[in-house]
Asker: 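For reference, the structure I am asking about is given below.
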Amino acid sequence: MAFPGTGKIWMNGSLVDWADANIHIASHVIHYGSGIFEGARCYNTPRGSACFRLDAHMRRLYDSAKIYRMEPKIEQAVLTEAVLDTIRANDMKACYIRPIIYRGYNALGVNPFPCPVDSAILVWEWGAYLGQDALDNGVDVRVSSWSRAAPNTFPTLAKTSANYANSQLIKMEAISEGYSEGIALDTFGYLSEGSGQNLFVVRDSILYTPPQTASILPGITRNSVITIARDLGFKVREEMLPRELLYIADEAFFAGTAVEITPIRSVDKITVGKGRRGPITEGIQRAFFDIINGAAPDTHGWLTYVYPGEPLEPVVAGRAHVAKK
Ligand SMILES: Cc1ncc(COP(=O)(O)O)c(C=O)c1O
């Protein structure tokens, strides 16, 4: 995923060219990780371009700001509208959306309070994070030797740049050893999450996922999966899970904005289930993509359409063949 290097970036209320969207090297965020951000997606649906659960992402962004005592200069609703403006300004049909709020340039002590709370919105094209093959056939992962942050150290309910130092260690270790991803445990040894995605395990048709107290980022895709699974009649349990459940799982998968729903086919070189995407993972994947592809109605109101005149009328199968009176 290389950047296109073109288009407009929204910075503190103005649209600037990609090449000019710079901040000073003495900005607090560069030295102390004092940024909070979001990652959302806009999909090119048959009824128009639509952001998936944009309000939930913006709510988490402002929750993250609150945890870090940041007071954005712009209200949540205004920044949400700015996201839509930025997509329109770039004439994007589908894109990845990255709003970021960060401590800018004023002083370089650890104390962030003297530094301004700046914000920016980037959008760019970003396809399947782990590749299309991963969505279809699954990925090979390892349990990381790195743990997720202990409670009361780095708050994991905040999506802060600082937390991604830990994610980078998990990701680099996995890649250097030939795996696609790493799954981290929490500091008590229970399953937590991947470097940038939540984890689900299926056994005897019940879905299990680590709870909010297992040092996870409470993912919006995770929440969508729980909702979809319950809609489909499955039981979902959020509870502390032992590592070895991965090895005896019938199915396992990741959930996140970047990876969407990606099956896991092996952990630590132990085959998960039949070593390919399992039926429950496939069913949930299909239900998720059906909402995005317009094959199923958006009953939960998860889509925010971007352009005027959209959403277009739903495409009703066979309508063209209905004889007019
Ligand atoms: C550490 C971590 N966990 C989980 C997730 C999944 O969250 P979401 O589904 O909201 O993208 C992400 C992605 O942002 C992440 O970085």
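This is a predicted model, so every value here is computed, not measured. When a ligand or atom number is given, it counts from 1 through the structure's own listing order.
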Asker: Record the part of Arg148 in heavy-atom contact with ligand 1 below 4.0 Å; permitted values are side chain, backbone, both and neither.
Answerer: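 It is the side chain that touches ligand 1; the backbone stays farther off.
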Asker: If you round to the nearest 0.5 Å, how far is CD of Glu38 from CE of Met58?
Answerer: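 Met58 atom CE to Glu38 atom CD measures 8.0 Å (nearest 0.5 Å).
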Asker: Under a plain distance cut-off of 3.5 Å, with no hydrogens placed, do Arg148 and Asn166 share a side-chain donor-acceptor pair?
Answerer: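 Arg148 and Asn166 do have a side-chain donor-acceptor pair below 3.5 Å.
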Asker: Which residue owns the protein heavy atom closest to atom 16 (O) of ligand 1, what's the atom, and how far is it?
Answerer: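 Ranked first by proximity to atom 16 (O) of ligand 1 is Tyr164 OH, 2.4 Å.
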Asker: List for me each residue that meets salt bridge (Lys or Arg N to Asp or Glu O under 4.0 Å) alongside Asp55, sequence neighbours excluded, and say none if there are none.
Answerer: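 Testing Asp55 for salt bridge (Lys or Arg N to Asp or Glu O under 4.0 Å), a comparison that skips the adjacent residues, returns none.
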Asker: Report the member of Gly256, Pro218, Gly196 with the shortest heavy-atom distance to atom 5 (C) of ligand 1.
Answerer: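 Closest candidate by heavy-atom distance is Gly196.
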Asker: Between Ser195 and ligand 1, which residue portion shows a heavy-atom distance shorter than 4.0 Å: side chain, backbone, both, or neither?
Answerer: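 Just the backbone.
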Asker: Nearest heavy atom to atom 11 (O) of ligand 1 wins, so pick from Asn223, Thr257, Ile170, Ile220.
Answerer: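 Nearest option to atom 11 (O) of ligand 1, by heavy atoms: Thr257.
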Asker: In terms of residue, atom name and distance, what is the protein heavy atom nearest to atom 3 (N) of ligand 1?
Answerer: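 For atom 3 (N) of ligand 1, the nearest protein heavy atom is Glu193 OE1, 2.6 Å.
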Asker: State yes or no: are the ring centers of Tyr43 and Phe289 separated by less than 6.0 Å?
Answerer: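 Ring centroids of Tyr43 and Phe289 are no less than 6.0 Å from each other.
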Asker: Look at ligand 1 and say whether Lys159 reaches it with a heavy atom at a distance under 4.0 Å.
Answerer: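 Right, Lys159 reaches ligand 1.
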Asker: In the protein, what heavy atom is nearest to atom 7 (O) of ligand 1, and what distance, to one decimal place, separates them?
Answerer: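 Answer, as residue, atom name and distance: Gly219 CA, 3.3 Å.
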Asker: Between the side chains of Ser195 and Glu181, is a donor N or O closer than 3.5 angstrom to an acceptor N or O?
Answerer: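 Side-chain D/A pair, Ser195 to Glu181: present.
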Asker: So which residues get pulled into Leu169's cluster when ILVMFWY side chains under 4.5 Å apart are joined, directly or through others?
Answerer: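 Leu169 shares its hydrophobic cluster with Trp146, Ile170, Met172.
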Asker: Identify the closest protein heavy atom to atom 9 (O) of ligand 1: which residue and atom is it, and at what distance?
Answerer: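 The closest heavy atom on the protein side is Thr221 OG1, 2.6 Å.
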Asker: Can Lys8 and Asp85 be counted as an ion pair, charged N to O under 4.0 angstrom?
Answerer: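 Answer for the salt bridge query: no.
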Asker: Is it the side chain, the backbone, both or neither of Gln197 that has a heavy atom closer than 4.0 Å to ligand 1?
Answerer: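 Looking at Gln197 and ligand 1, just backbone atoms fall under 4.0 Å.
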